[in-house]
Novice: 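The structure is given below, and queries will be raised subsequently.
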Amino acid sequence: MKIVKIIALVLLVALVGIQFVPTTRNQSNTVLETDFMLVNNVPETVQKKLEVSCYDCHSNNTQYPWYNKVQPIAWFLEDHIKEGKAELNFNEWDSLSNRRKKSKLRSIIKQIESGEMPLDSYTLIHKDAKFSKKEMNEIINFITILKDSL
Amino acid sequence: MKNLKINILTMLLLIVSFTNAQGKEKMNHNHGDMKVDGMKMNMDKMQDVKTEAILSDYLSLKDALVADDSKKSAQNGSKLAASLKAFDTSSYTAEQQKELADIIEDATEHAEHITKSAIGHQREHFKTLSKDIIDMVAISGTTSKLYEQFCPMYGDGSTWLSLSKDVKNPYYGSKMLKCGSVIKTIE
């Protein structure tokens, strides 16, 4: 019995302890001039949807709910964000060449169309990130027009 | 109580393995960097071979897609990504270098995606990749005779390169092997 108590205590200390391990938070107060919304004429509804559904992992600013500040969940999340930003960062949009932009836009369309993005593990908690049929059409239309204009 | 013990142990294990995994990932990354450096050193001796190497890997990838072979496409995709990264543009003009760097960055990303996706996705990436390679050849030229072919059905029209005049469609494979036509000969 005593050993259980000791283990429980050690674990508790460890769990509290890892909360103090510093992680790099994906947060920034500056909006870059290269941001997708600043350089493109994005309709308000599309802008809002993109920010809610995509910007958490594809920009320099994540809206963290409280539980995502708790370790080890936060570690798991940082990995996701790192991967997402490497693939596409809306904040740095205008630093891409036209060729790269077209490529990215084509991928955005395919990912949304096929339902691969936003990730299921994300929409499970962020219900508002899901696309309705109407929202999906709206965004894909906008992105397609943008792609063809480049 | 026994259950609690097991639970606690599992959690501890999880945490340990998680931290461990993160460490490993970092180590792998370093290895990758070293390889790239090694390749760069070899490259200086192989100026002329580089475009042809890219083309040859691209054409093998195309053949694998024609054959509906997703696994082989993935392998050829990773070969292509490697030969793209090894492309040294220093012998071109500043403007061409900029254009080529852009093309290579884009093409590499698509080749890398091809290494880790199913055949449908591979073909989507192959479409943009083909455009990149065609643009690259327009700058670099080639020693082989190539045919630019076009399929009007796939994704509002898609092009690709082939060594043979005969059309074998990489976007549909056996489903519509003959769809498409030669639109240009590159020599």
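First the proteins, then the strands, lettered A, B, ... as listed; each starts at 1.
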Novice: Between A:E78 and chain B, with a heavy-atom cut-off of 4.5 Å, which part of the residue counts as in contact: side chain, backbone, both or neither?
Specialist: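 Contact with chain B involves no heavy atom of A:E78 at all.
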Novice: Could you grab the distance from atom NZ of A:K104 to atom OG1 of B:T128, nearest 0.5 Å is fine?
Specialist: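 Between atom NZ of A:K104 and atom OG1 of B:T128 there are 11.0 Å.
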Novice: Is it true that A:D94 and A:K101 have a side-chain N and a carboxylate O under 4.0 angstrom from each other?
Specialist: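 Counted as a salt bridge, because a side-chain N and a carboxylate O are separated by less than 4.0 Å.
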Novice: Hey, does A:E51 have a side-chain heavy atom less than 4.5 Å from the side chain of A:F90?
Specialist: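 No, side chains not in contact.
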Novice: With a 4.5 angstrom heavy-atom cut-off, could you sort out which part of B:E112 is near chain A: side chain, backbone, both or neither?
Specialist: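 The answer is neither part of B:E112.
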Novice: Taking every non-hydrogen pair under 4.5 Å, which of B:D132, B:D106, B:I103 racks up the most with chain A?
Specialist: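 Option with the greatest count: B:D106.
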Novice: Out of A:S97, A:S107, A:S114, which one racks up the most heavy-atom pairs below 4.5 Å with chain B?
Specialist: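 Counting heavy-atom pairs under 4.5 Å, the top option is A:S97.
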Novice: Taking 4.0 angstrom as the limit, do B:D102 and A:R99 come out as a salt bridge?
Specialist: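 A salt bridge is present here (some side-chain N lies under 4.0 Å from a carboxylate O).
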Novice: Is A:K147 atom NZ crowded by more than 12 heavy atoms from other residues, nucleotides or ligands, each under 6.0 Å away?
Specialist: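 Enclosed.
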Novice: Is B:K127 close enough and on-axis enough to B:Y171, meaning under 6.0 Å and within 45°, for cation-pi?
Specialist: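 No, B:K127 does not sit over the ring of B:Y171.
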Novice: Contact part of B:E105 toward chain A, heavy-atom cut-off under 4.5 Å: side chain, backbone, both or neither?
Specialist: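 Its backbone and side chain both get close to chain A.
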Novice: Which atoms of A:R100 are under 4.5 Å from chain B, going by heavy atoms: the side chain, the backbone, both sets, or neither?
Specialist: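 Both parts, backbone and side chain.
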Novice: Can you tell me which portion of B:D135 sits under 4.5 Å from chain A's heavy atoms? Options are side chain, backbone, both or neither.
Specialist: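 Contact with chain A: side chain only.
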